[in-house]
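Right, one structure below, let's go through it.
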Amino acid sequence: MTAVAFDYTAPTTVDGAVRALHSPGLTVTPLAGGQSLVPLLTRREMRPDVVVDLNGISGLAGIEVAPHRVRIGAMTRLRDLEQHAELTAALPVLASAAASVAHPHIRVRSTLGGSLCHAAPAAELPAVAVALGADVVLRSVRGTRSVPAARFATGAGTTVRAPDELLTEVVLPRADGLTYEFSELCTRGSTGYPVVVVCLGLHVADGVVRAARVVVAGCGPVPARLPGVEAELAGRPVAGPHPGLVASVGREAARSPGPEDQEYRAEVAGVLLLRALAARAGREER
């Protein structure tokens with residue numbers, strides 16, 4: 001099957017892309033890495049009137065690591081996130097999550113902005129963006145606005161981005177006092193599709209959890225924080241034991257509507273959280 005006919009434009013500036021997206025009466029779709037969009041086009045699950053190719057806009061890519069925040073252009077490739085030394089030092093969990101996405105030849109093309117806009121329920125990078133407290137910057141002819149990553153996705157494959165808005169960058173804070181762990185279960189091993197993702201942030205002092213942040217993806221339509229589990233972890237030794245934690249994660253992760261195998265996925269999330277805790281405990285010992 002081939003895509004339906006559409007008009008194609010390839011602006012070279014951000015302003016040009018914003019103007020191209022503002023086409024009242026037409027369905028306009030931006031093209032980033034194309035790893036999600038092109039299959040949707042060829043299966044005719046998307047039928048845009050116009051495709052706006054963003055790949056010729058150099059100003060949409062790049063990584064800027066500053067003392068208090070990290071700015072990443074929306075067209076930055078996942079391979080660049082994975083291999084950027086400063087980013088790895090500043091936000092190692094983001095580099096680790098990027099390295100976990102699919103195959104290297106996919107990561108060479110896929111972009112951070114494309115992953116966030118595709119909003120797959122179990123995708124790695126949206127979950128990590130929520131855990132890190134990222135802000136997503138959107139631009140249109142009406143101006144620029146910033147949306148917390150926790151409110152960006154509204155459902156499976158849907159976001160708050162208006163059709164004429166362009167995701168230009170993602171801003172991530174560095175000074176939240178937490179150190180993050182990332183754990184996931186994928187189909188067909190480590191390079192398959194993610195089934196469940198857990199991102200755990202901890203502040204540990206004297207071997208005891210002083211503060212925690214837990215984000216789970218894959219159990220519902222969007223990545224979700226588990227405040228009840230976070231409260232349960234606070235005050236516990238990071239090395240455990242953690243009786244009842246898997247059950248607690250399962251109950252909280254399954255509160256919102258989810259897939260048919262939600263109960264299984266919620267239990268997997270609890271096991272992944274234990275793995276993340278064990279990894280952090282091992283680092284504390286060393």
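All heavy atoms count here, side chains included; hydrogens, waters and symmetry mates do not.
For R109 (side chain) and G34 (main-chain N/O), no donor-acceptor pair under 3.5 Å exists by modelled atom type. A side-chain donor-acceptor contact under 3.5 Å links Y180 to the backbone of A131. The closest donor-acceptor contact from the side chain of N55 to the backbone of A32 lies under 3.5 Å. In this structure, the side chain of T42 engages the main chain of P39 through a donor-acceptor pair within 3.5 Å. At distances below 3.5 Å, at least one donor-acceptor pair connects side-chain atoms of T13 with backbone N or O atoms of G16. A donor-acceptor pair under 3.5 Å links the side-chain atoms of D49 to the main chain of T27, judged by distance alone. When atom types are taken as modelled, the side chain of Q262 and the backbone of S256 share a donor-acceptor pair closer than 3.5 angstrom. Within the 3.5 Å criterion, the main-chain N or O of I72 finds no donor-acceptor partner in the side chain of T76. In this structure, E169 contributes its side chain and V137 its backbone to no donor-acceptor pair below 3.5 Å. When atom types are taken as modelled, the side chain of T158 and the backbone of G155 share a donor-acceptor pair closer than 3.5 angstrom.
How far CG of L233 is from CG of L202: 7.0 Å, rounded to the nearest 0.5 Å. The line from CG of D135 to CZ of R151 is 9.0 Å long, rounded to the nearest 0.5 Å. Atom CD1 of I57 is separated from atom OG1 of T168 by 11.0 Å, given to the nearest 0.5 angstrom.
Under the 4.5 Å side-chain contact rule for hydrophobic residues, V197 and L178 share a cluster. A single hydrophobic cluster is not seen to contain both V101 and V130; linkage of ILVMFWY side chains at heavy-atom distances under 4.5 Å, directly or through other members, places them apart.
For R44, the CZ atom counts as densely surrounded, since its 6.0 Å shell holds more than 12 non-hydrogen atoms of other residues, nucleotides or ligands.
Proximity of V229 to L245: side-chain heavy atoms (C-beta onward) are separated by under 4.5 Å at one or more points. Side-chain atoms of L60 and L166, non-hydrogen and from C-beta on, do get closer than 4.5 Å to each other. L272 is listed as a side-chain neighbour of V196, based on a closest heavy-atom distance under 4.5 Å. Put simply, the side chain of L167 reaches to within 4.5 Å of the side chain of F152, judged on heavy atoms. With contacts defined as side-chain heavy-atom distances shorter than 4.5 Å, the pair P223/V216 does not qualify. Counting heavy atoms from C-beta outward, S100 and F182 have side chains that approach closer than 4.5 Å. Looking only at side-chain heavy atoms (C-beta outward), H242 and L274 come within less than 4.5 Å of each other.
Applying the salt bridge (Lys or Arg N to Asp or Glu O under 4.0 Å) test to every pair with at least one member in residues 214-232, sequence neighbours left out, gives these pairs: R225-E230, E232-R236. Applying the ring-ring contact (aromatic ring centres under 6.0 Å, His included) test to pairs two or more places apart or on separate chains, those with a residue in residues 105-144 are H103-H105.
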Derivation and outcome, side-chain contact (heavy atoms from CB on, under 4.5 Å), residues V93 and L132: CA-CA 9 Å; V93 69; L132 292 174; 4.0 Å; yes

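Side-chain contact of R251 with S248: a donor-acceptor pair under 3.5 Å is present, judged by distance alone.
Residues passing the side-chain contact (heavy atoms from CB on, under 4.5 Å) test with R142 are S140, A162, D164, E165, sequence neighbours excluded.
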